[in-house]
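Worksheet for the structure shown next.
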Amino acid sequence: MSELNGAIAQYLEHCRVVRRLAPNTIAAYESDLAQFMAHMNSDERVTAAGIQKCLTRIAQDPRLGPATVRRRYAAVRAFIRATDEKLALETFGAWKLAVRTPKRLPRSITKAELNGLLRTVSVPSNAVGSTDATTRLCLSLLAATGLRVSELCSLRLRQVRSDTGEIIVFGKGSRERIVIVANASVLKALAQHIRSLHDREDADVFLFRNSRGHPMTPQCLRLRLHALVRRCRMNRSVTPHMLRHTAATLLLEGGVDIRFVQRLLGHASIATTQMYTHVSDAALRSALKRADVMRAVL
């Protein structure tokens with residue numbers, strides 16, 4: 001097992017130094033491979049059969065959801081392929097872990113709910129840089145661009161051009177993309193926020209900070225959003241990631257080409273973006289049922 005532990009350490013270092021993967025990706029690999037180690041029996045040799053048994057035990061863990069199981073399977077497969085091609089072929093060549101993933105549509109909020117949230121946190125023009133102003137800007141950017149909350153919190157000043165509305169984003173797998181802020185009000189608020197930064201001459205500073213001046217974390221923004229939801233008395237739970245789903249859904253419902261939405265969200269495959277078309281279909285079906293134009297006819 002110590003040999004396996006050493007191989008995992010070398011693999012993570014390779015991912016960090018050679019492949020230059022994002023810190024969040026490295027942390028996820030490290031966590032998944034640590035769980036792989038934990039599920040391996042101490043007296044079990046690292047063979048194709050042993051790895052398959054281990055992954056099966058992970059899949060049968062009732063505490064893990066299907067998405068987590070699939071992620072750990074992918075992490076282990078990538079590790080084995082990178083360290084022992086023969087073992088990888090023996091393990092995964094004719095065998096695949098069977099995991100049923102329930103079809104679950106991404107949850108979003110309506111345009112009316114979004115407007116209600118932002119109105120609740122409306123701020124006077126002289127309050128630029130305040131906690132409420134920063135929160136409103138962050139939520140507006142998530143809903144306008146479909147950024148992940150981790151991408152938003154990691155933004156540095158050098159990645160933003162408030163004059164053109166372009167933001168350079170480093171997403172999953174360190175893939176770079178450019179998102180565009182098209183809304184004039186959001187763009188104006190972004191420019192005002194940048195002007196309010198006392199250290200804006202340093203292009204490497206974080207764009208968003210908490211009340212103590214430290215870089216804002218995803219958890220900080222989640223807590224602010226939860227407090228905001230309570231303030232406006234929304235009868236549901238809302239997370240920052242739901243604003244990413246909301247952005248995609250509203251864009252597709254507004255007629256934006258799905259390829260543009262794919263590019264904006266940073267999806268490697270358009271199949272991932274297509275799940276939002278089902279949300280749009282569901283919204284259409286709900287609207288048609290409410291209207292029911294044939295009710296007065298039949």
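- Remark: D257 does not engage R263 in a salt bridge, criterion side-chain N to carboxylate O under 4.0 Å.
- Atom CZ of R259 has 12 or fewer neighbouring heavy atoms from other residues, nucleotides or ligands inside a 6.0 Å radius.
- The existence of a salt bridge linking E253 and K111 is excluded, since no basic side-chain nitrogen approaches an acidic carboxylate oxygen closer than 4.0 Å.
- Under a hydrophobic clustering in which Ile, Leu, Val, Met, Phe, Trp and Tyr are joined whenever their side-chain heavy atoms come within less than 4.5 Å, directly or via other members, L187 and I180 fall into different clusters.
- Note on F170: it does not cluster hydrophobically with V160, by side-chain heavy-atom contacts below 4.5 Å among ILVMFWY residues.
- Look at K86 and D84 and you find no salt bridge, because none of the NZ, NE, NH1 or NH2 atoms lies under 4.0 Å from a carboxylate O.
- Taking the six-membered ring where tryptophan is involved, the planes of H245 and H241 are perpendicular, since the angle between them exceeds 60° and thus also 30°.
- Hydrophobic clustering (side-chain heavy atoms under 4.5 Å, transitive across Ile, Leu, Val, Met, Phe, Trp, Tyr) groups W95 together with V69.
- The structure places OH of Y276 at 5.0 Å from NE2 of H267, a figure rounded to the nearest 0.5 Å.
- Aromatic pair Y73/F92: ring centres closer than 6.0 Å.
- Using a 4.0 Å cut-off between charged side-chain N and carboxylate O, R177 and E151 make a salt bridge.
- No close placement of the F206 and H214 rings is indicated, their centers lying 6.0 Å or farther apart.
- Linking Ile, Leu, Val, Met, Phe, Trp and Tyr whenever their side-chain heavy atoms come within less than 4.5 Å puts V46 and M37 in one cluster.
- More than 12 heavy atoms of other residues, nucleotides or ligands sit less than 6.0 Å from atom CD of E201.
- Hydrophobic clustering, with ILVMFWY side chains joined whenever heavy atoms are under 4.5 angstrom apart, groups V256 together with L264.
- With hydrogens and angles left out, the side-chain atoms of R224 and T135 include a donor and acceptor closer than 3.5 Å.
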task = Determine, stepwise, if the pair C232 / L117 fulfils side-chain contact (heavy atoms from CB on, under 4.5 Å).
result = CA-CA 7 Å; C232 68; L117 273 176; 3.8 Å; yes
Stepwise side-chain contact (heavy atoms from CB on, under 4.5 Å) check, V169 with I178 = CA-CA 6 Å; V169 181; I178 295 178; over 6 Å; no
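- For the atom pair CG (D32) and CZ (R71), the distance works out to 4.0 Å, reported to the nearest 0.5 Å.
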